[in-house]
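See below for the structure under consideration.
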Amino acid sequence: MADRYGFGYVLLFNNQSVYIPIREEVDRIEELSNYEVRDPGPMYPEGPITVACLGNELCPPGLIDTTGLGRKIHVHLSKLNEPVRVGISGCTHDCGMSWIADIGLEPFGSKTRVLITMGGSPTALGFVIGTVDPGDAELAVQVLLDMYRRSGVRGVRNFVVKVGVDAIRSELTRLVPRSGRRIRT
């Protein structure tokens, strides 16, 4: 099914779910009629949501404090009155489903930077924006949310496509972090 209807791969999550990214033009897959099929992760149409895995607090592969970071980010996210989803993963297993979130955060590299993606959806992986130090992740998301809100564009993926990855990277490089470390791509 991943080859026929999707992009040739699946994601397996530790809650025994299988995520198969499906191309946008696919409306119905007859082979799945006997299975429960739903969009990945919680998505509440009445407002924003932050999804975080257990992170380094309770999970051995976790490299960052996802729940603490998630609480801080949700304060900024809750100022939006639309269904923006932030996914935070503590390791590359991606239990927080960062790659398919509107804004995704996941550890990256041997020095444990945080990879930022934007514009993920049930049918597309997010665009790679860059990396920041874990201590700068909250500020980076705040900057991204402010840019999104000011743009007036509806939908984070539409925002990334309209504004452009390079313009978003430039703004992050200018504003995050104050210590002068740069967003790397």
Side-chain angles (χ1 to χ4, degrees), residues 5-9 11 19-26 39-45 47-52 64 66 69-70 72-89 92 94 96-109 111-185:
Y5 302 110
F7 301 97
Y9 67 91
L11 299 173
Y19 172 65
I20 305 171
I22 302 298
R23 292 185 309 270
E24 288 184 14
E25 68 272 6
V26 176
D39 284 346
M43 175 58 103
Y44 301 103
I49 183 113
T50 305
V51 176
I64 61 173
T66 57
L69 180 58
K72 291 175 186 174
I73 286 173
H74 197 73
V75 168
H76 304 288
L77 187 61
S78 63
K79 295 174 186 173
L80 291 175
N81 190 21
E82 60 180 283
V84 173
R85 183 173 172 268
V86 174
I88 307 168
S89 292
T92 57
D94 202 23
M97 297 184 262
S98 62
W99 280 91
I100 55 174
D102 291 307
I103 299 175
L105 305 170
E106 175 185 298
F108 179 81
K111 294 188 179 183
T112 316
R113 294 187 57 80
V114 174
L115 176 69
I116 300 172
T117 57
M118 284 186 80
S121 74
T123 58
L125 296 177
F127 297 97
V128 174
I129 302 301
T131 65
V132 295
D133 288 335
D136 296 326
E138 177 190 1
L139 176 59
V141 172
Q142 180 182 358
V143 167
L144 295 173
L145 290 171
D146 288 345
M147 287 178 68
Y148 173 67
R149 185 174 32 251
R150 284 191 316 267
S151 75
V153 176
R154 294 287 290 175
V156 175
R157 188 166 188 86
N158 293 336
F159 163 74
V160 175
V161 170
K162 182 175 181 179
V163 172
V165 171
D166 290 336
I168 294 168
R169 286 177 181 160
S170 293
E171 187 72 357
L172 282 173
T173 300
R174 189 174 73 77
L175 297 174
V176 178
R178 294 177 193 159
S179 64
R181 285 177 251 142
R182 298 180 53 86
I183 298 287
R184 290 188 238 169
T185 57

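These numbers come from a predicted model, not from an experiment.
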Point-to-point distance, once rounded to the nearest 0.5 Å, from CZ of Arg149 to CZ of Phe159:
11.0 Å
State, yes or no, whether a side-chain contact exists between Leu69 and Val141 at a heavy-atom distance under 4.5 Å.
no
Nearest heavy-atom neighbours spanning Gly87 and Ser98
O-CB, 3.4 Å
Report the distance from atom CD1 of Ile88 to atom OG1 of Thr50, rounding to the nearest 0.5 Å.
6.0 Å
Output the distance between atom CD1 (Ile116) and atom OG1 (Thr131), rounded to the nearest 0.5 Å.
8.0 Å
Got a second to check how far Met147's CE is from Leu175's CG, nearest 0.5 Å?
8.5 Å
Correct closest heavy-atom pair for Arg85 and Ile100 would be NH1-O, 3.9 Å
For residues Leu144 and Met118, report the shortest heavy-atom separation together with the two atoms involved.
CD2-SD, 3.6 Å
Check the pair Leu105, Ile73 against side-chain contact (heavy atoms from CB on, under 4.5 Å), reporting the backbone distance first and the verdict last.
CA-CA 11 Å; Leu105 305 170; Ile73 286 173; 3.4 Å; yes
Can any side-chain N or O of Tyr148 pair as donor or acceptor with the backbone N or O of Gly155 at less than 3.5 Å?
yes
Rounded distance [0.5 Å steps], CZ in Arg150 versus CG in Leu145
11.0 Å
Donor-acceptor under 3.5 Å (Arg169 side chain, Ile129 main chain):
yes
Is the closest side-chain heavy-atom distance between Leu125 and Tyr9 below 4.5 Å?
yes
Can you tell me how far the CG atom of Leu139 sits from the NZ atom of Lys72, to the nearest 0.5 Å?
11.5 Å
Tightest non-hydrogen contact, residues Ser89 and Asp94, listed as OG-OD1, 2.6 Å
Do you know the tightest heavy-atom contact between Asp102 and Val156?
O-CG1, 3.4 Å
What heavy-atom pair brings Ala101 and Val86 nearest, and what distance separates the two atoms?
CB-C, 4.2 Å
pair Trp99-Leu115: side-chain heavy atoms closer than 4.5 Å
yes
